[in-house]
Every structure is written in structure tokens, then in C-alpha cells.
Amino acid sequence: MKLRLLCLLGVMSVWVNAFSQTCTCYVNVDSTYTIVPLTVGPNPGTPPLYQCGECSSQPIPLPFSFCFYGKNYDTVYINNKGTLSFGHPVYNFSSKGFPAGVDTMMLAPLWASVYDSLTPGEVYYKMSPTHLIVQWNTVGYQSFDCDLYDNFQVVITNGSDSILPPGDNVSFCYWLMKWQSADSSGGSGGFGGVPADVGVNKGDGIHYAQFGMFRYHGYYYYGPYDSNSDLYWIDDRSFIFNTCVTGDNLPPIIMNPDSCHKFTVCALDTLSFSSLFLCSEKRQRATLTVSASPPLSGLTTDTTSQYSIDSITVHLIAALADTGVHIITITATDNGSPPLTNERQYTITINPCGDTAKSDTGKGAGINKLRADNAGFTIYPNPNKGKFTITLSHRTAGGSQTIEVYNVLGEKVNFGTLDPPAGGQGDYEIDLSSQPKGIYFIKLFNDTAVFGTEKVVVQ
């Protein structure tokens, strides 16, 4: 009891720090979760915590159909060793790894020698009408050190629940991972023994998807089929994918360090974000493409590929002409026959912000009529198709007034003299229809002094 209390105090201090982060897929256990009744196996658990070594649950009914390699399941087994299985419980950890045995249909967020009989950790689950969350919460291993715990979860859905991106029905998610091997699996101090497996087993004795094999502490990853990757690499990562396939292969796996997919920026600001996809099967490769709806004028991308991970970084220079909400879709298409795809969508909101958000009344009433605070003139309409009107609100005493128009490279593309009628006010037509679409800067001069400046967008 004393050992358990000391370990629990150490774990509590860690929890406080971890959940100060945002945009994580990892869901904190609360009162809506239930401890999994692990009552099956050679070392079953007992109420109320059901802590055990080799154990599984009875088949747990699902209020939805879960699609796994073309077959629908309405029950699931939750296994202490870090897996979900369909058809029968899997309460042991095999040093042989994948592929597991025939009829072993299994999702393995961390197939390892979990042994929580002496630790403060438990296995929890939360059921909704369309998804199930299972979490291995601060679980340890046999002959464990008091400060080494793993925290990971799996989510399965009916395929349309918004908890996951459209088209995907499974996610693996990790928080703090501090061990991968028990002493009984050849480890020492939680590392160095039989690698812990992360992936999916179809259950035909042949086909599987390997996400990683983790053996050491550290932060290096050498690909899904190298058995020497470091466990700390999966801290705060997630794998999101679709098992509802009719063949033997899974589409590329969405592999993001977080679940942030909504961004808000101001016009003329820049934004960069990355999306990663893992090819989890041997000889699988992916091609990444990007599309935006509505289209975005300032969008560029960079792509890289290493250790079966294809990465794309999206760069956006937000244009005033693109004010509004845009959906950026990144699609990963593999080299299978037929090719399989997975998509990640991002919602980008571009606001005018600052002076560009002010109308003649000074309120954020849109961008059709924009005014700089020091301008003394307005531009209408804005954005436009190249033709617009400058309205002088007043005329300075004496001197001549001229206008100059510059593009974003600082090149002068238009100029002229303004000669307002008596009274000092007037409207003047400007024609930039021969110029490329983009942002232009209007400068109004009184003699040689700048009288006002403003931006105009030509669409």
C-alpha cells in the first residue's frame, strides 16, 4: 500500500502539467468513464479496479456497427495488454509480433506487457451511440519502476462520428509514454526487451498494418518495420485511419502530433502548418495533393518523405481578396491497385482585421468600402475587378494632389493628377484592369507630402 501511494502521488503531479496543453486528441478521464471489467483470462481482475496481468473483458456490446476489413462487428473485447480484439479476447502479449494468429482481429495502440496489478493505473472506457473510447491510464509493467507509466487510448466509431475526420473510423492517441517492455519480456527498467507493437492485425495470419516497433527510450523513429525505434517519439502523437476496407490493405494513416485543424488569420498575415501520412504496409507509397475551396491565391506547399512518412507543409499568405472561410483538403493517395486515399481537412478563416475591417462608420461592417484612418479618401468597391472609384472626403489648402499605385513588389503601376471641382470633394475612376490580380497600394500626395494611403484588391 505504501508503494502504491508513493507512485500515485508522483502520477498526480504529472497530470497537472500534461493537460495544460491544447489541441490534443487525448481525452482526460472523468466521471463519465467506467473502469473496464477485466474478468477473463488466467489472471483476471476483481472489482472495483479490475487490475490484473493477463486479462480481458467479456464481449462488450457496441451500440453501433464497427467495420473492420469489410466485416461489421457489434461487440468488442478490451484487453489489458493494450489492444482491442474482435471475435475472441487476446489477454497475452506475444513476442512474435505481427502477424498475429488466424482469427485474431485486433487493433493495437500498444501491444505490450501491461501489468497494472501493482500500479495506480486502470483501463477505462466510455461509450456513446456512435463511438467508443478506451484508455490505458497510467499503466505500468511487471517489476516496474514507480515513475514509469504509459498513457494511451484508442477510439473506434461507426465511420461518421465527428470525433474523427470524415472517412476514418479509428484513432490511436498517446500522451506520456515511459516504458515499452516488462522484465518478463526481456526488458530492464522498462526498455530494451521485446519491442512493443503498434498497428492493426487483419486476422488471417498474413496481412497486417505496422505503425511502429518500439524498443528504446529516446525520440528517434526508423520506420514501421524497424524494431529499434524509440518510444518517446510517439508522445503526443496520433494515428487516424480507416479499417472499413474490402481488401487486405489500409489507406495511408493520418499521423499528426495534434488535432488542431482550424485556423484564423488576418489578411496579409502568413500561416504554415504540416500534415503527415504514414504508409504502414511494406512497399506502400503515397502521393500528397492539396486543394482549397474556395480557391486561395497565396497557397504554396513543400513535401518530404522519410521512413515511410510523407509530409506536406502548407504555406499561406492570406490575401484580402480571400476574406472568408476556406476548406483546405490534403489528400494522400497510395500506389495500390486500386489506389486508396485518406484526407485531412483544415478550416481557414481569413479576416480583414485592423483598418481593413472598418467601414465609413468605423464599425466592422465588411470590406466593400475601406478607409485608412489618415487617408482622407475612400475606395469603392474593394475588392474589385480592376476598376474602382476614389472619393476625396476633403481637399487640403493649396498645392496639387496626385495619386500613385504600387504593386506588392513596390513597382509603380499607375499615377495621375487629381483636380477636384469647387468644394473640394469628387469621385475619380481608376482602371487597373490591365494589371494582374492581387493587392495594390494607393498613395495620395499633396505636392510631395503623402496625404493618405490605402490598400485595394483586384480580383
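Residue numbers start at 1 and run along the sequence shown. Everything numeric here is computed off the predicted structure, so don't read it as measured data.
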Output all residues satisfying side chain to side chain donor-acceptor pair (under 3.5 Å) with [X], sequence neighbours left out; order by chain, then residue number.
X      : answer
Glu281 : none
Ser85  : Asn79
Asp310 : Ser305
Asp230 : none

For [X] versus [Y], what's the shortest heavy-atom pair and its separation?
X      : Y      : answer
Val139 : Glu122 : CG1-O, 4.0 Å
Phe277 : Ala332 : CD2-CB, 3.4 Å
Pro224 : Tyr307 : CD-O, 3.8 Å

Would Trp233 and Tyr220 count as a close aromatic pair, with their ring centres under 6.0 Å?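 Centroid separation for Trp233 and Tyr220: 6.0 Å or greater.
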
Report the C-alpha distance between Val325 and Thr347 in whole Å, list the side-chain angles of each, state the deciding distance to 0.1 Å, and finish with yes or no for side chain to side chain contact (heavy atoms under 4.5 Å, CB included). CA-CA 7 Å; Val325 179; Thr347 301; 3.8 Å; yes

Apply side chain to side chain contact (heavy atoms under 4.5 Å, CB included) to the pair Thr157 and Ile163, showing each step before the final yes or no. CA-CA 8 Å; Thr157 79; Ile163 195 172; 3.8 Å; yes

For the pair Val245 and Leu250, evaluate side chain to side chain contact (heavy atoms under 4.5 Å, CB included) and give the outcome as yes or no after the intermediate values. CA-CA 7 Å; Val245 294; Leu250 298 186; 3.9 Å; yes

Under the side chain to side chain donor-acceptor pair (under 3.5 Å) criterion, do Thr243 and Asn169 qualify, and how do the steps go? CA-CA 7 Å; Thr243 62; Asn169 66 346; 3.2 Å; yes

Pairing donors with acceptors under 3.5 angstrom, does anything connect the side chains of [X] and [Y]?
X      : Y      : result
His315 : Ser272 : yes
Asn342 : Asp168 : yes
Gln284 : Asp334 : yes

Min side-chain heavy-atom separation [X]-[Y] under 4.5 Å:
X      : Y      : result
Tyr221 : Ile309 : yes
Leu107 : Thr83  : no
Val40  : Gln58  : yes
Gln345 : Ile327 : yes
Thr304 : Ser311 : yes
Gln153 : Tyr124 : no
Ile156 : Val134 : no
Leu110 : Asp150 : yes

Six-ring centre of Phe239, Arg237 cation under 6.0 angstrom, axis tolerance 45°: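 That pair does not qualify as a cation-pi contact.
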
Is the backbone of [Y] close enough, under 3.5 Å, to the side chain of [X] for a donor and an acceptor to pair up by distance?
X      : Y      : result
Asn151 : Leu176 : yes
His326 : Leu296 : no
Ser238 : Cys25  : no
Asn80  : Cys52  : yes
Asp235 : Met177 : yes
Trp136 : Val114 : no
Lys178 : Leu231 : no
Tyr174 : Pro109 : yes

Contacts of type ring-ring contact (aromatic ring centres under 6.0 Å, His included), residue Phe172, not counting sequence neighbours: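 Expected list: Phe211, Phe241.
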
With Phe66 via ring-ring contact (aromatic ring centres under 6.0 Å, His included) - residues at least two apart: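 Result, ring-ring contact (aromatic ring centres under 6.0 Å, His included) vs Phe66: Phe86.
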
Chi angles and distances behind the side chain to side chain contact (heavy atoms under 4.5 Å, CB included) call for Ile60, Thr75: CA-CA 5 Å; Ile60 296 177; Thr75 60; over 6 Å; no

Run the side chain to side chain donor-acceptor pair (under 3.5 Å) test on Thr313 and Ser274 for me, step by step, so that the C-alpha distance in whole Å, both residues' side-chain angles and the decisive distance to 0.1 Å come before the verdict. CA-CA 4 Å; Thr313 300; Ser274 297; 2.8 Å; yes

Can you tell me which residue pairs pass the disulfide (SG to SG under 2.5 Å) test with a partner in residues 198-245, sequence neighbours excluded?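 Every pair satisfying disulfide (SG to SG under 2.5 Å) with a residue in residues 198-245: Cys67-Cys244.
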
Test ring pair (Phe, Tyr, Trp, His ring centres under 6.0 Å) on Phe93 and Trp111 and set out the steps. CA-CA 7 Å; Phe93 168 66; Trp111 194 20; 5.7 Å; yes

Just how far is it from atom CG of Asn335 to atom CG of Leu340, taken to the nearest 0.5 Å?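 Asn335 atom CG to Leu340 atom CG measures 9.5 Å (nearest 0.5 Å).
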
By side chain to side chain contact (heavy atoms under 4.5 Å, CB included), which residues pair with [X], not counting sequence neighbours?
X      : value
Val290 : Leu299, Thr301, Ile312, Val314, Ile328, Ile330
Val36  : Leu38, Ser57, Ile78, Val123, Tyr125
Ser297 : Ala319, Asp322

Just distance, no hydrogens or angles: give the donor-acceptor pairs under 3.5 Å from side chains in residues 184-209, sequence neighbours left out.
unit_1 : atom_1 : unit_2 : atom_2 : d
Ser185 : OG     : Ser113 : OG     : 2.6
Asp197 : OD1    : Gln210 : NE2    : 3.1
Asn201 : OD1    : Ala100 : N      : 2.8
Asn201 : ND2    : Thr104 : O      : 2.7
Lys202 : NZ     : Asp248 : OD1    : 2.4
Asp204 : OD1    : Ile206 : N      : 2.9
Asp204 : OD1    : His207 : N      : 2.8
Asp204 : OD2    : His207 : ND1    : 2.7
His207 : NE2    : Asp248 : OD2    : 3.3

For residues 126-133, which side-chain N or O atoms pair as donor and acceptor with protein atoms under 3.5 Å away, sequence neighbours left out?
unit_1 : atom_1 : unit_2 : atom_2 : d
Lys126 : NZ     : Thr32  : OG1    : 3.2
Ser128 : OG     : Thr130 : N      : 3.2
Ser128 : OG     : His131 : N      : 2.9
Ser128 : OG     : His131 : O      : 3.3
Ser128 : OG     : His131 : ND1    : 3.0
Thr130 : OG1    : Asp161 : OD2    : 2.3
His131 : ND1    : Asp161 : OD2    : 2.9

What do the steps show when you test Gln180 against Tyr141 for side chain to side chain donor-acceptor pair (under 3.5 Å), and what is the final call? CA-CA 8 Å; Gln180 58 76 217; Tyr141 59 96; over 6 Å; no

